[in-house]
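The structure appears right after this line, and notes come after that.
Here is how names work: the chains are called A, B, and so on, in the same order as the sequence lines, proteins then strands, and each is numbered from 1.
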Amino acid sequence: MSDRRKPYPFDVFESQWQTRWDEQKTFRTPNPGDSDFDATKPKFFVLDMFPYPSGAGLHVGHPEGYTATDIIGRYKRMNGFNVLHPMGWDAFGLPAEQYAIKTGQHPRITTEQNIDNFRRQLKSLGFAYDWDREVNTTDPGYVKWTQWIFIQLYNSYFCEDENKAKPVSELEAKGWTRDQIDAVRLAFVSEAPVNWSPDLGTVLANEEIEEWKAKGHTVERRPLRQWMLRITKYAQRLIDDLDPLDWPESIKLLQKNWIGKSTGAEVAFTIASAAGGASTNNSEQITDNCHEVTVFTTRPDTLFGATYMVLAPEHPLVSTIASPGKAEEIDAYQKACANKSDLERGDMNKNKSGLFTGAYATNPVNGEEIPVWIADYVMMGYGTGAIMAVPAHDERDFEFAKKFELPIIQVVQPKGDEDWQGFIGHGIAVNSGFLDGLPTKEAKSKIISWLVENGKGTAKTNFKLRDWLFSRQRYWGEPFPVLWEDGKHHTAPESDLPILQPELEDFKPTGSPEGPLAKATDWIAYSETAKRETNTMPQWAGSCWYYLRYCDPNNTERFISKEAEDYWSRQPDSGADASQPNNSSPSTDNSSPQGIVDLYVGGTEHAVLHLLYARFWHKVLHDLGHLTTSEPFQRLVNQGLILGEDGQKMSKSTGNVVNPDDVVNEYGADSLRLYEMFMGPLEQVKPWQMKGVEGVSRFLARVWRVAFETNQEGEWAATEKLVDASDDTAKTLRKTVHETIKKVGEDIEKLSFNTAISQMMVCTNAFTNAEKIPVSMFVEFLRVLNPFAPHLSEEINARVASAFDSVSSEMLSEQAWPSYNEEYLIESEVEIVIQVNGKLRDKLIVAKDAAKEDVEALALASDKVKAHTDGLTVRKVIVVPGRLVNIVAN
RNA sequence: GCUGGCGUGGCGGAAUGGUAGACGCGCCUGAUUCAAAAUCAGGUAUCGAAAGAUGUGCGGGUUCGACUCCCGCCGCCAGUACCA
């Protein structure tokens with residue numbers, strides 16, 4: 001096919017326009033302070049999730065979201081907005097480093113090569129990015145500010161009273177000790193057990209484990225010294241502030257579930273040790289053989305129904321309280337649990353395991369003695385690592401109790417006729433002493449009051465969200481700006497930033513918690529007394545704030561200037577008239593979260609982690625007074641996955657991967673762009689069809705042929721169709737063109753690109769069928785087409801402009817979006833549908849403003865209507881003006 | 001299991017409660033051509049010769065009128081997994 005003549009010469013002109021846009025910096029976005037900056041213009045910040053530049057290059061999923069944002073960006077630009085539409089690279093990370101380990105080549109080199117390839121591919125698609133704002137997370141100028149933000153986190157704590165982050169210097173002023181302050185920093189060192197992958201040679205965050213396990217790596221639990229970020233302090237705000245964001249409800253829900261808030265109570269039980277007299281330093285210990293264990297429950301109202309207690313196998317008190325005779329058995333069980341993989345635990349879901357410790361706990365509310373078990377369905381990491389089991393009203397406890405024949409006592413009466421056994425809903429308290437007769441809600445608050453009064457418990461809210469494990473034992477990441485001196489950490493002076501990795505010959509993980517940087521002994525030795533931290537930050541770090549850097553990418557003094565931050569944080573003036581931008585000051589109401597990015601488009605795979613981490617950093621920077629907005633992304637749209645032609649997920653192994661480069665070579669960039677938008681709704685999952693690319697390519701060729709046809713020599717020459725004439729000479733065509741201007745504009749705002757393209761096809765068909773077309777009309781259409789097919793529309797416009805004096809030779813990208821005239825859309829006559837009992841029987845053409853009565857009379861006079869109402873009585877006639885008449889008869 | 005999303009021609013998909021299937025693909029017919037490709041014109045839900053009937057996963061309901069709203073099922077996809 002490539003040898004064959006192209007349906008229109010995209011192979012010649014697409015690259016020419018790309019070069020021109022590049023050289024003239026057509027899509028440069030002026031920033032506050034620039035000479036050509038116009039502060040009266042409203043801003044529009046439209047963002048793509050920046051890619052990780054892999055060696056495989058772009059796949060067709062990338063241009064889907066990128067084309068969507070490109071169309072919006074170009075459209076907003078034409079409507080007078082100062083559009084920020086940037087691109088960059090999330091370039092730290094494991095694949096580049098793994099490649100370096102294999103080949104010995106520095107990851108910087110492969111990263112650069114991959115970036116060059118990605119940039120070339122993106123430029124070949126004609127995206128209107130401001131390339132002067134390109135951001136690269138591995139760039140020293142960028143790393144500097146990532147490290148600076150870490151220092152801000154390190155130097156902050158979360159003030160519970162004000163519900164926000166504040167500088168630790170305030171605590172110093174209050175006379176807090178160094179250790180006290182270290183215990184509250186937002187960036188802190190923890191010795192907690194972590195997920196260590198011996199073959200990757202690094203620690204992984206909880207949420208990363210599955211991904212790497214799926215790739216065949218092993219992960220085990222190990223206690224190690226690690227940097228953590230105190231994201232849990234923001235749990236409540238991260239939930240609350242989701243509300244006003246324009247995000248898909250499903251993504252909000254995903255985040256809420258991830259944060260996992262649950263409210264209930266903590267209840268203290270006492271356990272008489274079965275070990276008899278065994279003594280430890282445990283703080284929960286009351287006397288030599290009497291210990292207090294706190295459980296968390298969301299249903300304190302069922303406390304009377306607790307028939308046994310379960311401790312997590314790892315619970316520190318297990319060995320203390322257990323019967324000496326059980327020690328061996330318990331030890332074996334604990335070991336078995338520790339080695340259990342997640343998969344095995346999944347299987348355990350139905351078949352629970354557990355072991356009686358021999359000890360008994362006392363239920364504080366009624367003094368009942370209940371057996372204490374250990375079981376791996378209770379996890380150490382959540383709540384207190386201990387539960388009171390109420391088998392009658394909890395599924396898990398119910399199953400466990402049935403299996404081990406433990407007593408089941410009803411304490412909630414369902415409102416309906418449901419079986420109380422295993423009933424987990426709300427009802428009326430029974431067999432519960434002073435709670436009897438109370439509905440669940442009231443019973444809860446009454447028991448909590450009782451617990452508080454008796455010193456046996458307290459109301460408590462728990463979150464599933466854990467603090468963020470922030471260090472990695474790898475080479476290709478940002479080093480921590482931290483120095484160790486006398487066993488204490490402190491930050492490196494800001495003047496040291498950026499702190500870059502030392503050059504290494506050997507990138508292999510050491511297998512030790514210090515990571516590969518530990519091999520650079522010269523680099524580590526910071527001074528006589530100080531040593532550098534050898535951990536690096538995870539890949540998330542750079543992607544947590546890249547959207548901010550785009551606003552002021554070359555600033556060497558700040559991560560983002562005050563002026564730039566202020567301007568790009570302005571409330572967008574939706575529906576702004578291009579000629580009269582709204583100058584009203586941005587909202588000063590800090591209580592309502594409002595994102596700096598107006599529209600963020602990307603895949604669902606980042607629904608939880610990236611978006612949550614970025615929101616967290618943004619809030620910290622907001623609290624510390626560095627940002628005016630409290631949220632990063634106001635509106636979020638997830639583009640749907642593009643499947644292979646076979647309806648399967650694209651993958652190398654199935655060989656159904658489509659390479660954008662091939663599509664561009666064969667059909668041109670405009671065809672690829674248009675096809676990706678024409679496939680279906682942006683957010684929907686949809687299969688690729690090469691025939692579909694041909695279809696849109698044919699459409700673009702039809703647009704081309706409205707203006708040009710091949711002459712005898714086989715060259716493209718102007719058609720006779722386009723004429724210098726008033727729009728009045730082609731009223732039907734004018735109506736179609738104005739309908740198109742209206743619908744395409746509305747559809748772009750709705751991100752309904754497939755229907756916008758369909759309307760442009762209708763319009764093109766009208767042009768094709770017209771004898772003569774006023775050239776001004778055709779050019780208006782080209783402006784509408786421009787955001788979708790920028791190369792083709794610019795090329796046709798330039799050629800037409802050289803043939804007609806009346807046509808401006810200015811680039812379409814610099815021109816305004818055309819306006820439509822409502823008057824031209826009005827029809828004098830409309831087709832009315834005539835229904836009998838809701839079924840279509842006839843159609844009538846009537847005047848647009850025909851009176852109801854007249855339309856009704858005409859409808860009743862119709863022969864077809866008469867045929868269907870014959871022998872029936874007309875009961876009612878419904879007339880919807882300009883639409884239909886429905887005759888009800890029986 | 002739970003949560004979310006989706007079920008419309010041969011295919012991708014359109015339809016403020018008001019003509020179901022816009023637009024495109026594919027297919028059929030015709031024009032052009034020595035022929036083909038490309039292009040142009042017309043047709044194309046199903047059954048039926050037609051009149052007409054039937055059709056938006058299934059079953060109910062609301063309504064003059066339901067792809068659209070409500071209730072109950074079925075199927076597919078995605079996410080999640082003992083969070084007390």
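Remark on RNA chain B: of its neighbouring residues A:Asn257 and A:Phe296, the 5'-side contact belongs to A:Asn257, judged by nearest-heavy-atom nucleotide. Nucleotides of RNA chain B nearest to A:Ile878 and A:Tyr675 differ in position, and the one nearer the 5' end is that of A:Tyr675.
For A:Lys876, the listed nucleotide lying nearest its side chain is B:rC64; candidates were B:rC11, B:rU39, B:rC64. The side chain of A:Arg841 has B:rA53 as its nearest neighbour among B:rA53, B:rA84, B:rG4. Taking only side-chain atoms of A:Lys686, from C-beta outward, the nucleotide of B:rC82, B:rA84, B:rG13 with the closest atom is B:rG13. When distances run from any side-chain atom of A:Asp394 to the nucleotides B:rU19, B:rA84, B:rC64, the shortest one goes to B:rA84. Side-chain proximity of A:Leu840 to the nucleotides B:rU19, B:rC82, B:rG4 is greatest for B:rU19. Listed nucleotides: B:rC23, B:rG4, B:rG52. Nearest to the side chain of A:Leu253: B:rG4. Closest approach to the A:Thr755 side chain among B:rA14, B:rC23, B:rU19 is made by B:rA14 (side chain taken as heavy atoms from C-beta onward). If you check B:rG4, B:rG12, B:rG65 against the side chain of A:Asn886, the one that comes closest is B:rG65.
Of the side-chain N and O atoms in A:Arg883, none sit less than 4.0 angstrom from OP1 or OP2 of B:rG17. For A:Asn638 and B:rG5, the shortest distance from a side-chain N or O to OP1 or OP2 is not below 4.0 Å. One finds a side-chain N or O of A:Lys839 lying less than 4.0 angstrom from the OP1 or OP2 phosphate oxygen of B:rU54. Phosphate contact (OP1/OP2 of B:rG26, side-chain N/O of A:Lys691, threshold under 4.0 Å): present. Phosphate proximity of B:rC40 to A:Arg705: present, with a side-chain N or O under 4.0 Å from OP1 or OP2. Distances shown here put every side-chain N or O of A:Lys843 at or beyond 4.0 Å from the OP1 or OP2 atom of B:rU19. In this structure, A:Asn769 reaches the B:rA41 phosphate: one of its side-chain N or O atoms is under 4.0 Å from OP1 or OP2. Residue A:Arg698 has a polar side-chain atom (N or O) positioned under 4.0 Å from OP1 or OP2 of B:rG26. Distances shown here put every side-chain N or O of A:Gln759 at or beyond 4.0 Å from the OP1 or OP2 atom of B:rC23. Residue A:Ser262 places at least one side-chain N or O under 4.0 Å from the OP1 or OP2 atom of B:rA84.
Counting any heavy atom pair closer than 4.0 Å across all strands shown, A:Arg875 reaches no nucleic acid atom. When heavy atoms are screened at a 4.0 angstrom cut-off, A:Asp397 is found touching no nucleic acid atom at all. No contact: A:Glu395 has no heavy atom under 4.0 Å from any strand. Residue A:Arg466 is in base contact, counting any heavy-atom pair closer than 4.0 Å across all strands shown. At the heavy-atom level, A:Leu254 lies under 4.0 Å from the strands shown only through sugar-phosphate atoms. Residue-level contact check: A:Val696 touches neither bases nor backbone, having no heavy atom under 4.0 Å from any strand. Backbone-only engagement by A:Gly695 is indicated by non-hydrogen atom pairs under 4.0 Å involving sugar-phosphate atoms exclusively. Residue contacts for A:Asn754: at a heavy-atom cut-off of 4.0 Å it reaches the sugar-phosphate backbone alone, with no base atom in range. Residue contacts for A:Pro681: at a heavy-atom cut-off of 4.0 Å it reaches the sugar-phosphate backbone alone, with no base atom in range.
At whole-Å resolution of the value, NZ in A:Lys750 and C1' in B:rA15 are 11 Å apart. One interatomic measurement links the two molecules: CD1 of A:Ile757 to P of B:rG24, which rounds to 12 Å at whole-angstrom precision. Residue A:Glu266 contributes atom CD, which lies 13 Å from atom P of B:rA84 at whole-angstrom precision. Spacing between atom CD of A:Glu645 and atom P of B:rC25 amounts to 15 Å, rounded to whole angstrom units. Rounding to whole angstrom units, CG of residue A:Leu674 and P of B:rG12 are separated by 20 Å. In this structure, A:Met677 atom CE and B:rG12 atom P are separated by 18 Å, rounded to whole Å.
A 3.5 Å limit on both hydrogen-bonding distances identifies B:rC74 as the Watson-Crick or G-U partner of B:rG7. Across all strands shown, nothing is found opposite B:rC82 as a Watson-Crick or G-U wobble partner with both distances under 3.5 Å. Taking a pair to require two hydrogen-bonding distances under 3.5 Å in either a Watson-Crick or a G-U wobble arrangement, B:rG30 pairs with B:rC40. Searching all strands for a Watson-Crick or G-U wobble partner of B:rA14 with both distances below 3.5 Å returns nothing. B:rU63 makes up no base pair with any nucleotide shown, lacking Watson-Crick or G-U wobble contacts both under 3.5 Å. Pairing for B:rA22 is absent, judged as Watson-Crick or G-U wobble with the two contacts each under 3.5 Å. Remark: B:rA45 base-pairs with B:rU54; criterion is Watson-Crick or G-U wobble with both hydrogen-bond distances under 3.5 Å.
Summarising the geometry of A:Val696 relative to A:Met761, their closest heavy-atom pair is CG1-CE, 4.2 Å, with the distance given to 0.1 Å.
Rounded to whole Å, the C1' atom of B:rU68 lies 13 Å from the corresponding atom of B:rU63. On the C1' atoms, B:rG61 is 15 Å away from B:rG17, given to the nearest whole Å. For B:rA38 and B:rC28, the P atoms lie 13 Å apart once the distance is rounded to whole Å. Here, B:rG21 and B:rC70 have their P atoms 25 Å apart, quoted to the whole Å. When the C1' atom is used for both B:rC74 and B:rG10, the distance is 24 Å, rounded to whole Å. B:rG9 and B:rG4 are spaced 27 Å apart, taking the P atom of each and rounding to whole Å. Across the P atoms, B:rU16 and B:rU62 are found 25 Å apart, a figure rounded to whole Å. B:rU19 and B:rC69 are spaced 16 Å apart, taking the P atom of each and rounding to whole Å.
For the atom pair CG (A:Leu682) and CG (A:Asn754), the distance works out to 9.5 Å, reported to the nearest 0.5 Å. Here OG1 of A:Thr740 is found 10.0 Å from NZ of A:Lys735. Values are rounded to the nearest 0.5 Å. Atoms CG and CG, from A:Leu238 and A:Leu611 in turn, are 11.5 Å apart once rounded to the nearest 0.5 Å.
No donor-acceptor contact under 3.5 angstrom links the side chains of A:Asn638 and A:Thr604, judged on distance only. Between the side chains of A:Tyr675 and A:Ser697, no donor-acceptor pair is found at a separation under 3.5 Å. Side-chain contact check for A:Thr755 and A:Ser758: no donor-acceptor pair (N or O, by modelled atom type) lies under 3.5 Å.
Not a single donor-acceptor pair, N or O on each side, falls under 3.5 Å between the base of B:rU19 and the side chain of A:Gln835.
Nucleotide B:rG43 is shown with an anti base, its glycosidic torsion being more than 90° from 0.
Counting heavy-atom neighbours within 6.0 Å of A:Lys403 NZ, excluding the residue itself, gives a total above 12. Environment of CD in A:Glu831: crowded, with over 12 heavy atoms of neighbouring residues, nucleotides or ligands closer than 6.0 Å. Open room surrounds NZ on A:Lys848; 12 or fewer heavy atoms of other groups in view lie less than 6.0 Å from it.
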